[in-house]
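Treat the numbers as computed from the prediction; the structure is a model and nothing was measured. Labels below follow one simple rule: chain letters A, B, ... track the order of the sequence lines, proteins then strands, and each chain is numbered from 1.
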There are 2 protein chains.
Amino acid sequence: MSKPEQDQFSPRQSAVLEEALRLLVEGGEKALTTAGVARAANCSKESLYKWFGDRDGLLAAMIAYQASKVRTYEPAGGKLTREELRAHLLTFVRDLVDVLSGDVSLALNRLSIGQAGAGGGKLGRLMLERGRGPIGKRAMALLDAGRRSGLLDFSDGGEAYQTLYGLAVSDLHVRMLLGVSPETARKEFGSRAERAVDAFLRLFGAANKWEEPRIRHA
Amino acid sequence: MSKPEQDQFSPRQSAVLEEALRLLVEGGEKALTTAGVARAANCSKESLYKWFGDRDGLLAAMIAYQASKVRTYEPAGGKLTREELRAHLLTFVRDLVDVLSGDVSLALNRLSIGQAGAGGGKLGRLMLERGRGPIGKRAMALLDAGRRSGLLDFSDGGEAYQTLYGLAVSDLHVRMLLGVSPETARKEFGSRAERAVDAFLRLFGAANKWEEPRIRHA
DNA sequence: CAAGAACCGTACCGTACGGTACTTTATGAG
DNA sequence: CTCATAAAGTACCGTACGGTACGGTTCTTG
């Protein structure tokens, strides 16, 4: 079993994990052998096992390492204007799609999903905690700010967030996980961000604050 | 490489594939060894290789076999009333969630996704064609009928379908793929179907046909 | 400088699995 | 009855990979 929680990695270890991520992105899980990582990173297998315990520990460390690179900045807590909220929602949606369509994110999600048997794998839980968690927290904070500013109307923030997520991502993520190239997907979803935010505001905008946007589906 | 397209399977072969699916659902990909399938199905490895070519052929056959079991009935083509359209949308959404949260569907998606390297695996394409394709066709036909009946207003059916899909599924599918138990997910998403359909109709309902439903998010 | 730790490179081991070959048993046609 | 085909069961082979051991080299530290 993998080594105890040790979320900080030495520079050397980070370099090794970086190399491991590169291998994973290039060749999928089958390409991620301990010998391969050692060779690519110019380190010894013995060090790998000393640092990460076993192969599963290495995989978990890769996820933790990648998650540690994502800065989940909190938006300012003050009052928001309509335009600010809309702009923040738009950047959130764009960031979300960018993250989900990133090479490394796709590779790690594939890895965790492939690993997740019926019993529910450890890696899947890690991805949910370290990946989705922070993103969701950021979005919920933004939505809450919108409500406090009188611009949004909802009772269950989770429900609102789920709706926003669904509008923004739809089946894009799974399709990419199944092999649709991120370029193709991004092209197809290029104009989706605005539409998603508009739809979200039509559904959850406080009635008196948003002149019902008249979107003609031309 | 796998055997040529041969979408029909003999009863014996179907029984073997059924057993293989059972193994996959129970233990994930690692449990799906050729020897294991042969043992569980009381057949010889030699027969497996004769029928399916190699292991990848077996995996592809499992996907094709499972897809062949799903009947994608076309809804009637006549005019729809408001209530009929809403009911059809609701059953579609419920069916969709049921399918996606099914044991076999999850296992096959995990398999295909785990297989799908950067180069885009063959299995992923199969899942997209045989799984998503028919479901999407059915939904598009329904949406089109709604538009022809003057109840829906959209120009791009694909866009409307993506919206419906996103509202209905959100990140439910990926979370289940990562290991969230279908029971948990289904509970969390139990009441979502109506909300998704309502939201969809608010977004795409023809303006004069649907008295703007005043949903208070109590 | 000396002692020790950290670590690289390589060689090694056991095993599990994909794939093949062979023998035996059943079935069905001529 | 006889022969051929199909398929079960088993034994086998090669290899690839996870994990360990060890000798040599560099780096730190007193």
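- Salt bridge present: Arg55(A) and Glu29(A) bring a charged side-chain N and a carboxylate O closer than 4.0 Å.
- In this structure, the CG atom of Leu48(B) is 16 Å from the C1' atom of dA21(C), given to the nearest Å.
- Partners of Leu23(A) according to the side chain to side chain contact (heavy atoms under 4.5 Å, CB included) rule, which considers only residues two or more places apart in sequence or in another chain, are Leu32(A), Val37(A), Ala40(A).
- Per the geometry, CG belonging to Leu32(A) stands 15 Å off C1' belonging to dA16(D), to the nearest Å.
- Under the side chain to side chain contact (heavy atoms under 4.5 Å, CB included) criterion, Lys69(A) pairs with Glu18(A), Tyr65(A), Gln66(A), sequence neighbours left out.
- Going from atom CD of Gln115(A) over to atom P of dG18(D) covers 11 Å, rounded to whole Å.
- In this view, Arg186(A) satisfies the salt bridge (charged side-chain N to carboxylate O under 4.0 Å, His left out) rule with no residue, not counting sequence neighbours.
- Applying the ring pair (Phe, Tyr, Trp, His ring centres under 6.0 Å) criterion to Phe200(A), with sequence neighbours excluded, gives Phe204(A).
- In the helix from dC1(C)-dG30(D) to dG30(C)-dC1(D), the terminal helix axes, each the rotation mapping four pairs' C1' atoms onto the next four within five end pairs, subtend 10°, rounded to 10°.
- Residue Asp54(B) contributes atom CG, which lies 5 Å from atom P of dG19(C) at whole-angstrom precision.
- Listed by first and then second residue, the side-chain hydrogen bond (donor to acceptor under 3.5 Å, both in side chains) pairs that reach into residues 32-44 of chain B are Ser44(B)-Ser47(B), sequence neighbours excluded.
- Using a cut-off of 4.0 Å between Lys/Arg side-chain N and Asp/Glu carboxylate O, Glu159(A) and Arg195(B) are scored as salt-bridged.
- As rounded to whole Å, 12 Å separates atom C1' of dA16(D) from atom CZ of Arg55(A).
- Residues satisfying the side chain to side chain contact (heavy atoms under 4.5 Å, CB included) criterion with Arg132(B), sequence neighbours excluded, are Asp171(A), Val174(A), Arg175(A), Leu128(B), Tyr165(B), His173(B).
- Here the C1' atom of nucleotide dC17(C) and the CG atom of Leu23(B) are 15 Å apart, to the nearest Å.
- Proximity of Thr34(B) to the phosphate of dG18(C): a side-chain N or O atom is located under 4.0 Å from OP1 or OP2.
- Contacts of Thr184(A) classified as side chain to side chain contact (heavy atoms under 4.5 Å, CB included), with partners at least two apart in sequence or in another chain: Val180(A), Ser181(A).
- In this structure, NZ of Lys30(A) is placed 9 Å from P of dC17(D), rounded to the nearest angstrom.
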- Task: Sugar-phosphate means primed atoms, P, OP1 and OP2; the rest is base. With that split, encode nucleotides 6-12 of chain C 5' to 3' as B, S or - using protein heavy atoms under 4.0 Å.
- Result: -SBB---
